[in-house]
Amino acid sequence: MDYTTKHKISVYLTEEQLNKRIAEIGADITKRFAGQSVYLVCILKGSIFFTTELAKRIELPMTIDFMSVSSYGSATKSSGVVNVKTDLSHSIEGENVIIVEDIIDSGNTLSRLIPLFKSRNPKSLTLCTLLDKPDRRVVNDVVCDYTGFVIPDKFVVGYGLDFDQRYRNLPYIGFVEDVE
């Protein structure tokens, strides 16, 4: 089915590849935190698909919460300014917190969020991302505990990732071929 209307998008990671890797990450998290509970923090909006699929594959008691931040607007590159639009609804003090991101690009968003999370005294703080784009990194102190896929420096959409709020519903990750 062709969900695209405005841009040329080529499939990079299929739905099957995504499901397989997410299952592996879920199993790793289940093993690491065996006998404990986890507190997943979904960074909206892009991480919603990944968080949902990951949560189904973690066999532990869990809480899921949401934080909305922005650094892109309608551009294809991060502005470097991170705005927390919606904060967590519960305290994370004493929790095994797992920040779930759709993509780590420049590292700016997480370099500003991680100190905020640490100041709230979680038992542990873990970072999980579906996609990592290291060629774009400008902040090198962001260390990811779980990475789905390392990708090249191309603009991607699908599986929650968007271009100006479009293409989030694609069941795969694709490269947008005709944007700079």
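Between Arg57 and Asn19 there is a side-chain heavy-atom pair separated by less than 4.5 Å. Side-chain atoms of Leu113 and Met67, non-hydrogen and from C-beta on, do get closer than 4.5 Å to each other. In this structure the side chain of His7 never reaches within 4.5 angstrom of the side chain of Glu177, judged on heavy atoms. Annotation: side chain of Phe50 is in contact with side chain of Cys128 (closest heavy-atom distance under 4.5 Å). Residues Ile9 and Val157 are in side-chain contact: their nearest non-hydrogen atoms beyond the backbone lie under 4.5 Å apart. Using a 4.5 Å cut-off on side-chain heavy atoms (C-beta onward), Ile104 and Lys133 make no contact. The shortest side-chain heavy-atom distance between Leu13 and Val11 does not fall under the 4.5 Å cut-off. With a 4.5 Å cut-off on side-chain heavy atoms, Thr126 and Arg32 count as touching.
Smallest separation of non-hydrogen atoms from Arg168 and Gly160: NH1-O, 2.7 Å. Closest approach of Leu60 to Gly35, counting heavy atoms only: CD2-N, 4.2 Å. Between Asp141 and Ser111, the closest heavy-atom pair is OD1-CB, 4.3 Å. Leu88 approaches Phe66 most closely through the heavy-atom pair CD2-O, 3.6 Å.
Rounding to the nearest 0.5 Å gives a distance of 9.5 Å between CD1 of Ile58 and CD1 of Ile25. Once rounded to the nearest 0.5 Å, the distance linking SG of Cys42 with CG of Leu54 reads 10.0 Å. Atom CD1 of residue Ile114 and atom OG1 of residue Thr109 lie 10.5 Å apart, to the nearest 0.5 angstrom. One distance of note links CD of Glu53 with OG of Ser47; it measures 13.0 Å at 0.5 Å rounding. Atoms CG and CG, on Leu131 and Asp105 in that order, are 10.0 Å from each other to the nearest 0.5 Å.
Looking at Arg120 and Asp87, a side-chain N of the basic residue comes within less than 4.0 Å of a carboxylate O on the acidic one, giving a salt bridge.
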Evaluation steps, side chain to side chain contact (heavy atoms under 4.5 Å, CB included), between Arg21 and Glu24: CA-CA 5 Å; Arg21 183 65 185 123; Glu24 293 167 354; 3.1 Å; yes
Intermediate values then yes/no, side chain to side chain contact (heavy atoms under 4.5 Å, CB included), Leu127 and Tyr146: CA-CA 7 Å; Leu127 178 57; Tyr146 300 99; over 6 Å; no
Derivation and outcome, side chain to side chain contact (heavy atoms under 4.5 Å, CB included), residues Cys144 and Glu101: CA-CA 10 Å; Cys144 193; Glu101 265 285 22; over 6 Å; no
Thr86/Leu44 under side chain to side chain contact (heavy atoms under 4.5 Å, CB included): CA gap, chis, key distance, verdict: CA-CA 9 Å; Thr86 305; Leu44 295 173; 6.0 Å; no
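Val142 and Leu116 fall within a single hydrophobic cluster, where Ile, Leu, Val, Met, Phe, Trp and Tyr side chains are chained together by heavy-atom contacts under 4.5 Å. One hydrophobic cluster, built from ILVMFWY side chains closer than 4.5 Å, holds both Leu125 and Val84. If you chain together hydrophobic residues whose side chains sit under 4.5 Å apart, Val138 and Val69 fall into the same group.
Residue Ile43 forms a side chain to side chain contact (heavy atoms under 4.5 Å, CB included) with just one option from Asp102, Thr51, Ile103, Ile99, and that option is Ile99.
Within the structure, the ring-ring contact (aromatic ring centres under 6.0 Å, His included) test picks out no pair touching residues 88-142 (sequence neighbours left out).
Of the possible donor and acceptor atoms, one in the side chain of Arg112 sits under 3.5 Å from a partner among the backbone N and O of Asn108. No donor-acceptor pair closer than 3.5 Å links the side chain of Thr147 to the backbone N or O of Phe149.
In terms of the side chain to side chain contact (heavy atoms under 4.5 Å, CB included) criterion, residue partners of Thr52 (sequence neighbours excluded) are, by chain and number, Ile48. Applying the ring-ring contact (aromatic ring centres under 6.0 Å, His included) criterion to Tyr12, with sequence neighbours excluded, gives Phe175. Evaluation of the side-chain hydrogen bond (donor to acceptor under 3.5 Å, both in side chains) rule for Asp132 yields Arg137 as partners, not counting sequence neighbours. Residues satisfying the side chain to side chain contact (heavy atoms under 4.5 Å, CB included) criterion with Glu16, sequence neighbours excluded, are Thr14. The side-chain hydrogen bond (donor to acceptor under 3.5 Å, both in side chains) test applied to Tyr39 returns Asp65, not counting sequence neighbours.
Looking at Ser124 and Asn96, their side chains do bring a donor and an acceptor atom within 3.5 Å of each other.
Checked against the 6.0 Å centroid criterion, the rings of Tyr172 and Tyr159 do not qualify as a close aromatic pair.
Annotation for Glu59: atom CD does not count as buried by contact number, only 12 or fewer foreign heavy atoms lying within 6.0 Å.
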